[in-house]
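Only this structure's heavy atoms are used, side chains among them; waters, hydrogens and symmetry mates stay out.
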Protein chains: 2
Amino acid sequence: MLNQFGAGGFTDAFDRPGAAEAVVAQSGQLEALVALERIGSRRSFTRDEEIYAEGDPSDCWYQVISGTVRICKLWADGRRHIAEFCFGGDCFGLDNARERIYSAEAVGDAVVMRYPRRATERLIDENPRLVRHVCDMTLRDLAHAQTRMLLLGRMNAAERVVSFLLEMFERRDAVRALDLPMSRSDIADYLGLTIETVCRVLSALKRDGMIAIPNAHRIELRDRTALEAIGET
Amino acid sequence: MLNQFGAGGFTDAFDRPGAAEAVVAQSGQLEALVALERIGSRRSFTRDEEIYAEGDPSDCWYQVISGTVRICKLWADGRRHIAEFCFGGDCFGLDNARERIYSAEAVGDAVVMRYPRRATERLIDENPRLVRHVCDMTLRDLAHAQTRMLLLGRMNAAERVVSFLLEMFERRDAVRALDLPMSRSDIADYLGLTIETVCRVLSALKRDGMIAIPNAHRIELRDRTALEAIGET
DNA sequence: CGCCAGTTTGACCAAGATCAACGCAAGTGG
DNA sequence: CCACTTGCGTTGATCTTGGTCAAACTGGCG
């Protein structure tokens with residue numbers, strides 16, 4: 001199906017219309033929701049597929065419908081840093097730069113809505129409530145970035161891994177068990193550690209009875225109190 | 001002079017009116033500028049004085065008029081993390097949380113404008129242009145936080161120190177020489193290193209002829225190209 | 001069954017932390 | 001004016017954490 005976005009080989013695969021409930025729903029503006037839906041297009045991505053690349057023009061923003069997306073940056077020397085994981089309902093790619101500083105990739109299969117910036121800005125100009133909402137969203141991202149700076153700046157390996165697990169349990173609304181959609185390598189690059197260190201910490205937590213690991217991607221909480229004692233700021 | 005802010009022992013020392021040019025000037029809205037100026041109050045702080053503490057109600061935001069402010073967090077076990085240094089013109093304390101997650105302190109003597117959030121929000125509601133400006137400001141902060149995440153997550157000691165120096169030269173508009181207002185301890189806590197490591201890297205840079213250090217707080221650039229080769233992402 | 005990618009574990013190494021001593025300049029009080 | 005203190009900053013010796021390198025394990029899949 002055709003749509004209004006010109007650039008990029010993948011563009012035509014975006015498909016309209018789609019759901020944008022989570023963005024606007026709480027601002028209680030049905031008409032804005034409908035309008036936003038009208039300017040958005042939907043597309044699915046397969047594992048490791050690029051949603052946008054570093055250097056691409058930064059002319060739209062996105063919302064994850066299902067699956068997981070990683071926002072990351074690759075150094076010339078091979079080092080990689082993952083700035084963020086986005087799950088269903090999360091928005092990403094919202095900035096006011098000319099071009100992308102990070103790339104976005106699907107961690108597994110994922111479905112994503114895309115909204116062109118220009119059209120969103122027009123919508124926002126007609127809808128003062130909406131801008132407050134976008135602002136709040138950005139402020140939330142900023143608060144999250146600051147928490148991550150704390151983690152990366154001052155926590156040791158065990159504290160980082162435990163914080164990560166607790167964050168994932170909270171964000172995925174998991175209580176006893178959790179399936180991590182990302183690989184050890186993704187986790188390592190998110191926490192500023194190596195794969196091996198992540199593995200070793202997880203093994204130690206398992207040995208000490210704080211978690212169970214029935215298979216590599218599933219984590220079960222066995223002693224939340226002990227974990228919180230390690231991971232809380 | 002009296003003003004409208006109730007809480008906190010320091011409140012009365014804030015003094016109105018003051019300059020808010022940098023915030024609103026580029027939005028080109030003189031009336032908004034004047035209005036903002038009317039709701040702001042000015043106050044000076046001495047070295048290491050607290051502007052707000054962790055846990056304080058988060059009901060206003062600030063702009064540095066002169067001097068340097070550090071935004072930081074102290075762990076129970078004594079670890080400290082500095083999230084940001086703010087110089088003249090920079091805004092800080094802008095969030096939508098109920099209470100402060102970080103504290104703000106004067107690095108040396110500093111003068112600061114304070115704006116209550118409620119009044120700013122009213123102003124913004126009457127002035128759609130202004131909200132875009134606040135949004136842009138937050139997006140800029142977010143971009144900066146992401147750059148710092150990169151530094152903290154994936155750079156070694158030398159890269160961190162060099163990035164820091166280049167950032168300071170750029171932000172202070174210095175070309176050949178720069179006076180750092182903050183201590184080695186502040187730099188270390190900003191970069192996620194120890195004081196000793198910061199010193200050793202600086203000494204190594206001096207030994208290799210990339211910088212000169214006429215006194216502890218003054219840095220002279222001797223070989224910018226070599227530094228950029230180390231510090232650029 | 002064998003291969004492959006991802007994960008785990010172990011042995012060793014190095015970057016940076018820790019601990020300790022020393023230097024140095026700016027007060028401070030006699 | 002000069003000892004003495006005090007607060008940073010610098011340097012050196014040693015130790016620890018996490019990185020590197022290598023090998024083994026595991027589960028899916030042709």
Side-chain angles (χ1 to χ4, degrees), chain A residues 46-48 68 70 75 77-82 107-109 151-165 179-208 211-219 230, chain B residues 46-48 68 70 75 77-82 107-109 151-165 179-208 211-219 230:
Chain A
T46 57
R47 178 187 147 91
D48 291 330
T68 303
R70 62 173 173 256
W75 249 268
D77 63 8
R79 279 180 284 185
R80 188 177 71 148
H81 180 240
I82 295 183
V107 169
D109 294 347
L151 178 145
L152 294 169
R154 282 288 176 235
M155 284 188 181
N156 63 29
E159 290 167 337
R160 292 181 196 203
V161 172
V162 170
S163 297
F164 170 75
L165 291 179
D179 279 307
L180 296 171
M182 69 290 283
S183 69
R184 294 289 186 267
S185 163
D186 286 336
I187 298 173
D189 290 340
Y190 183 63
L191 298 178
L193 299 171
T194 59
I195 302 176
E196 293 93 327
T197 301
V198 172
C199 277
R200 274 187 263 268
V201 171
L202 287 174
S203 298
L205 295 174
K206 183 168 76 173
R207 175 172 44 70
D208 298 345
I211 61 172
I213 312 178
N215 70 65
H217 285 266
R218 169 162 275 252
I219 306 286
I230 298 173
Chain B
T46 58
R47 177 188 149 93
D48 291 331
T68 304
R70 63 173 171 255
W75 250 267
D77 63 8
R79 279 180 283 185
R80 190 178 70 148
H81 180 240
I82 294 184
V107 169
D109 293 348
L151 179 145
L152 295 170
R154 282 289 176 235
M155 284 189 180
N156 63 30
E159 291 168 336
R160 291 181 197 203
V161 172
V162 170
S163 297
F164 170 75
L165 291 179
D179 279 307
L180 296 172
M182 69 291 283
S183 69
R184 294 288 186 268
S185 164
D186 286 337
I187 298 173
D189 290 339
Y190 183 62
L191 297 178
L193 299 170
T194 58
I195 302 176
E196 293 94 328
T197 302
V198 172
C199 275
R200 275 188 260 268
V201 171
L202 287 174
S203 299
L205 295 173
K206 184 169 75 175
R207 176 172 44 71
D208 298 346
I211 61 171
I213 311 178
N215 70 64
H217 284 266
R218 168 162 276 252
I219 305 286
I230 298 173

Engineer: Rounded to whole angstroms, how far apart are CZ on A:R79 and C1' on D:dG19?
Structural biologist: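 It is 13 Å, rounded to the nearest whole Å.
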Engineer: Going by the side-chain contact (heavy atoms from CB on, under 4.5 Å) test, name the single residue among B:L193, B:V201, B:T197 that passes it with B:R160.
Structural biologist: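 Single side-chain contact (heavy atoms from CB on, under 4.5 Å) partner of B:R160 among B:L193, B:V201, B:T197: B:L193.
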Engineer: Let me see the working for A:L152 and A:H81 under side-chain contact (heavy atoms from CB on, under 4.5 Å), right down to the final yes or no.
Structural biologist: CA-CA 11 Å; A:L152 294 169; A:H81 180 240; 3.9 Å; yes
Engineer: As a quick check of understanding, evaluate side-chain contact (heavy atoms from CB on, under 4.5 Å) for A:E159 and A:N156, giving each step before the final call.
Structural biologist: CA-CA 5 Å; A:E159 290 167 337; A:N156 63 29; 3.2 Å; yes
Engineer: Rounded to the nearest angstrom, tell me the gap between atom CD in A:E159 and atom P in D:dT17.
Structural biologist: 12 Å
Engineer: Any N/O pairs under 3.5 Å between the protein and nucleotides 25-30 of chain D? List them or say none.
Structural biologist:
none

Engineer: With side-chain contact (heavy atoms from CB on, under 4.5 Å) as the criterion, how do B:W75 and A:R154 come out once you've worked through the C-alpha distance, each side chain's angles and the decisive distance to 0.1 Å?
Structural biologist: CA-CA 10 Å; B:W75 250 267; A:R154 282 288 176 235; 3.7 Å; yes
Engineer: What string of B, S and - do you get for nucleotides 2-17 of chain C, 5' to 3', when a contact is any protein heavy atom under 4.0 Å?
Structural biologist: ----SSBBBB----SS
Engineer: Take B:L202 and B:L165, measure what side-chain contact (heavy atoms from CB on, under 4.5 Å) needs, and give me the verdict at the end.
Structural biologist: CA-CA 10 Å; B:L202 287 174; B:L165 291 179; 4.0 Å; yes
Engineer: Ion pair present between A:R70 and A:D189, side-chain N to carboxylate O less than 4.0 angstrom?
Structural biologist: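 A:D189 and A:R70: not salt-bridged.
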Engineer: By the definition side-chain contact (heavy atoms from CB on, under 4.5 Å), identify the one residue from B:T68, B:I82, B:L180, B:D48 that meets it with B:V107.
Structural biologist: B:T68
Engineer: Going from CD1 on A:I230 to OG on A:S163, what distance comes out if it is rounded to the nearest 0.5 angstrom?
Structural biologist: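 Between A:I230 CD1 and A:S163 OG, I get 9.5 Å after rounding to 0.5 Å.
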